[in-house]
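Here is the structure we will look at.
Lettering of chains follows the sequences in order, A, B, ..., and the numbering in each one begins at 1.
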There are 2 protein chains.
Amino acid sequence: MASIKEVAKKANVSTATVSHVINGTRFVADPTKEKVFQAMKELDYRPNMVARSLRSRKSYTIGLLVPLVADDTSNFFFMSIANGIEQVLKENGYNLILSNSNENIETEREQIEVFNTQFIDGLVIAPVNGMDANYEKDLLGDYPVVVIDRKPSEFQGDVVLVNNRKATYDAVSSLLKKGHRSIGYISGALGITTSDERLGGYKDALKEYSVPFEHRFIKEGPATFRSGYELASKLLKEGVTALFAANNVMTMGAMSFLQEQKVNIPNEIAVIGYDDYDWMKVMSPPLSVVKQPSFELGKKAVEQLLKRMEGSLEESKEVLLEAEFIERGSS
Amino acid sequence: MASIKEVAKKANVSTATVSHVINGTRFVADPTKEKVFQAMKELDYRPNMVARSLRSRKSYTIGLLVPLVADDTSNFFFMSIANGIEQVLKENGYNLILSNSNENIETEREQIEVFNTQFIDGLVIAPVNGMDANYEKDLLGDYPVVVIDRKPSEFQGDVVLVNNRKATYDAVSSLLKKGHRSIGYISGALGITTSDERLGGYKDALKEYSVPFEHRFIKEGPATFRSGYELASKLLKEGVTALFAANNVMTMGAMSFLQEQKVNIPNEIAVIGYDDYDWMKVMSPPLSVVKQPSFELGKKAVEQLLKRMEGSLEESKEVLLEAEFIERGSS
DNA sequence: GTGAAAGCGCTAACAT
DNA sequence: ATGTTAGCGCTTTCAC
């Protein structure tokens, strides 16, 4: 593969000139430019990004660290985010290095260290559950960082989140409006921001309708299919008339149980799930859901990151994207 | 960030020695080693991968190019592959650069060129529909390549595919065994290997049961929800008693139509879909599907790639992973 | 058993 | 308006 030196030689100019032609970084007379372009073409020259990175300390690459659990449907959420990020990045000539913390705090540290070694220009991270923010201090390198989806306690810096509270409020309100007073709530592990926010929305709605909060209607467990299934079973025994599942995997688990028991939805029990995918429309009845703007989340995050990479010094921003309650036949 | 030079100075050795200690690439006396490790620790030294890449022409990074269509459920399939790849790579100290061709042949070329500029050590590519293999000749760099999912015509090189033909054969056979003789078939665009293979399986099964092939039972269209919906409608008018949808998006579209028409599944019409996700179990009745081993596909592909990167010269291999027909209530 | 030094391909400060 | 050249941080050949 041809180097800048060979191009310079062929065009009878210095490597500096070639470099400046490529990068548009200082004036070059038109005829000279022409010669250089010609030479580049003839040699099928492509700049070596690695050398460029080494010299300029800029890699045109950003890292994305997501917490995927193998075999978990939530993959879809983060992958949709990755997709949004990749799109914006491509438009701006950047690359994406994808990495996975497996929802494991050890692995997360390791992967960040790997990134630190690579000259990434920025990092988007969806933190592992329960991570509190000692990020900045020792762990992170000297690139900008945008945290998404979950906010580690006390993290100072740019964050892009989904307004889970509001959307859950809307969803639960719609149930209350229809007269439901015993609304079961299936939650993933509490203590992480996303779970807590959602439960907050549930409580807000109850308060708005002056319905007393009852502990027995709240069931918490690991965010798994199995657990969603079991908690739905427990809630039925509590005599709820409606069910809200606060994440996608548990929604599936709960639906699986209801299906098996041949519970009539929405007559015997109304159901609202979390996250919207095509197949939600295909269930019978079509499932009402809270839809998170995952693709937009990715886009927003990387847009903010790019701003920082360009040197923006404005104060740290917390962007809150609205989620949408979509009412279908199940509620 | 400390450099190898500073480490060398602090340890009173040459940079060569430090390098060799790090890489275990020639003998270093134990006491010297000790000094070097000590210095590295004190300086919190981490090797600069970019410099290393430049010098050694090895980046410990591989590229993945997938054809995602925005908003398409098939994302899930490729993302699951990405996930498998990432896992194997991490175990081997490699990184993954993720890129998207958007199922667009122009973009695919561009992205490959970007890769060529980056010192990737290898590439896994799920080619855009209809790509024929002029890959090697001009486009690809001098890194090993593994092609997955679809095989471009005449491509010579390592390929990892799914045995779609066999699985489709199994699925359609099960319908025939139950007495169905008018089996509608919904296909994505024909002419790409995955579609053709699947249709081949359908035909194989008919032949096996001596059922004549009828053109009117085969409906082809773009692999979209909308199209799946419409083709299902057309097939019902042809009087089919069973329906096979040859990809996941169209499965959703078809199901949506059947749901809307309140067609009783499987009594009025039996249905088999493509690709298995949790929510297939949750539909009523649970959907019978052909399940592709997507995660394994990613793993296998990158394992083969790693072998090549280590210099394996064995003949090009075509790996065919078995897909599984899973029978549930819908058929 | 270890060191000196060239050089990977590029950018950018300094010259002219 | 363009050229010279010193490095970025590392690996690796050659030398001792």
Side-chain angles (χ1 to χ4, degrees), chain A residues 1-40 43-61 93 114 116-121 141-143, chain B residues 1-40 43-61 93 114 116-121 141-143:
Chain A
M1 177 120 288
S3 76
I4 205 173
K5 223 165 163 178
E6 303 172 53
V7 175
K9 197 158 157 194
K10 179 152 220 144
N12 270 310
V13 297
S14 71
T15 61
T17 298
V18 176
S19 173
H20 285 121
V21 168
I22 293 167
N23 300 297
T25 161
R26 85 177 176 196
F27 183 88
V28 177
D30 274 349
T32 320
K33 248 189 204 155
E34 214 33 69
K35 280 194 299 179
V36 172
F37 280 133
Q38 187 58 32
M40 294 203 309
L43 294 171
D44 190 29
Y45 170 76
R46 5 211 94 257
N48 181 321
M49 290 316 199
V50 176
R52 178 179 287 178
S53 292
L54 179 59
R55 181 59 230 237
S56 63
R57 330 231 76 197
K58 191 148 178 18
S59 64
Y60 288 95
T61 295
V114 170
N116 289 343
T117 233
Q118 302 256 345
F119 279 177
I120 56 169
D121 294 340
D142 57 351
Y143 40 78
Chain B
M1 178 119 288
S3 77
I4 205 173
K5 223 167 165 177
E6 302 172 54
V7 175
K9 198 158 158 195
K10 180 153 220 140
N12 269 311
V13 296
S14 72
T15 61
T17 298
V18 176
S19 173
H20 285 121
V21 168
I22 293 167
N23 300 298
T25 162
R26 87 176 175 197
F27 184 88
V28 177
D30 274 350
T32 320
K33 248 188 202 157
E34 214 33 70
K35 279 194 300 180
V36 172
F37 281 133
Q38 186 58 31
M40 294 203 309
L43 294 170
D44 189 29
Y45 170 76
R46 4 211 93 258
N48 181 322
M49 290 316 198
V50 176
R52 178 178 287 178
S53 292
L54 179 59
R55 182 58 232 238
S56 62
R57 329 230 79 197
K58 190 146 179 19
S59 64
Y60 288 95
T61 295
V114 170
N116 289 342
T117 234
Q118 301 256 344
F119 279 173
I120 56 168
D121 294 339
D142 58 351
Y143 40 77

Between C1' of D:dG9 and CD1 of B:I4, the distance in whole Å | 8 Å
Should the heavy atoms of other residues, nucleotides or ligands under 6.0 Å from NZ of B:K58 be counted, would the total exceed 12?
-> yes
NA contact type, B:V28, heavy-atom cut-off 4.0 Å: base, sugar-phosphate, or nothing?
-> sugar-phosphate
For atom CG of B:N23 and atom C1' of D:dC10, their distance in whole Å = 9 Å
Under 4.0 Å between any heavy atoms, over every strand shown, what does B:Y45 touch: base, sugar-phosphate, or nothing? Just pick one.
-> sugar-phosphate
Give A:T32 one of three labels, base, sugar-phosphate or nothing, depending on what nucleic acid heavy atoms sit under 4.0 Å from its own.
-> sugar-phosphate
Check every strand shown and say whether A:A16 touches a base, only sugar-phosphate, or nothing at a heavy-atom separation below 4.0 Å.
-> base
Residue whose nearest DNA chain C nucleotide is more 5′ - B:A51 or B:V13 | B:V13
D:dT11 phosphate, OP1 or OP2, under 4.0 Å from B:T25 side-chain N/O | no
Does A:R55 get its side chain close enough to the base of D:dG7, under 3.5 Å, for a donor-acceptor pair?
-> yes
With heavy atoms under 4.0 Å as the rule, sort B:N12 into base, sugar-phosphate or nothing.
-> sugar-phosphate
What is the distance, rounded to the nearest whole Å, between atom NZ of B:K5 and atom P of D:dA6?
-> 13 Å
For DNA chain C, which nucleotides open and close the run of contacts to chain A, 5' to 3', at under 4.0 angstrom from a non-hydrogen atom?
-> C:dG9 to C:dC14
Smallest separation among heavy atoms of A:F119 and A:L54, with atom names = CE1-CA, 4.1 Å
Atom OH of A:Y45: over 12 foreign heavy atoms under 6.0 Å | yes
By nearest-heavy-atom nucleotide on DNA chain C, the more 5' of A:S19 and A:R26 is A:S19
Can you check the A:K58 NZ to D:dC8 C1' distance for me, whole Å?
-> 16 Å
A:I22 has an atom CD1; how far is it from atom C1' of D:dT2, in whole Å?
-> 15 Å
Which pair of non-hydrogen atoms, one from B:Q118 and one from A:V50, has the smallest distance, and what is that distance?
-> O-CG2, 3.9 Å
Would you indicate, yes or no, if D:dG3 has its OP1 or OP2 atom less than 4.0 angstrom from a side-chain nitrogen or oxygen of A:T17?
-> yes
Is any side-chain heavy atom of B:M40 closer than 4.5 Å to a side-chain heavy atom of B:I22?
-> yes
Identify the heavy atoms of B:I120 and B:S59 that sit nearest to each other, and give their distance.
-> CA-OG, 3.7 Å
For the pair made of CG in A:L54 and C1' in D:dT11, what is the distance, rounded to whole Å?
-> 13 Å
Closest non-hydrogen atom pair, A:S14 against A:A8 | C-CB, 3.7 Å
Out of D:dT11, D:dA1, D:dT12, whichever nucleotide has its closest atom nearest the side chain of B:H20 = D:dT12
Exercise: identify the closest heavy-atom pair between B:D121 and B:Y60 | OD2-N, 2.6 Å
D:dG9 OP1/OP2 closer than 4.0 Å to side-chain N/O of A:R57 | yes
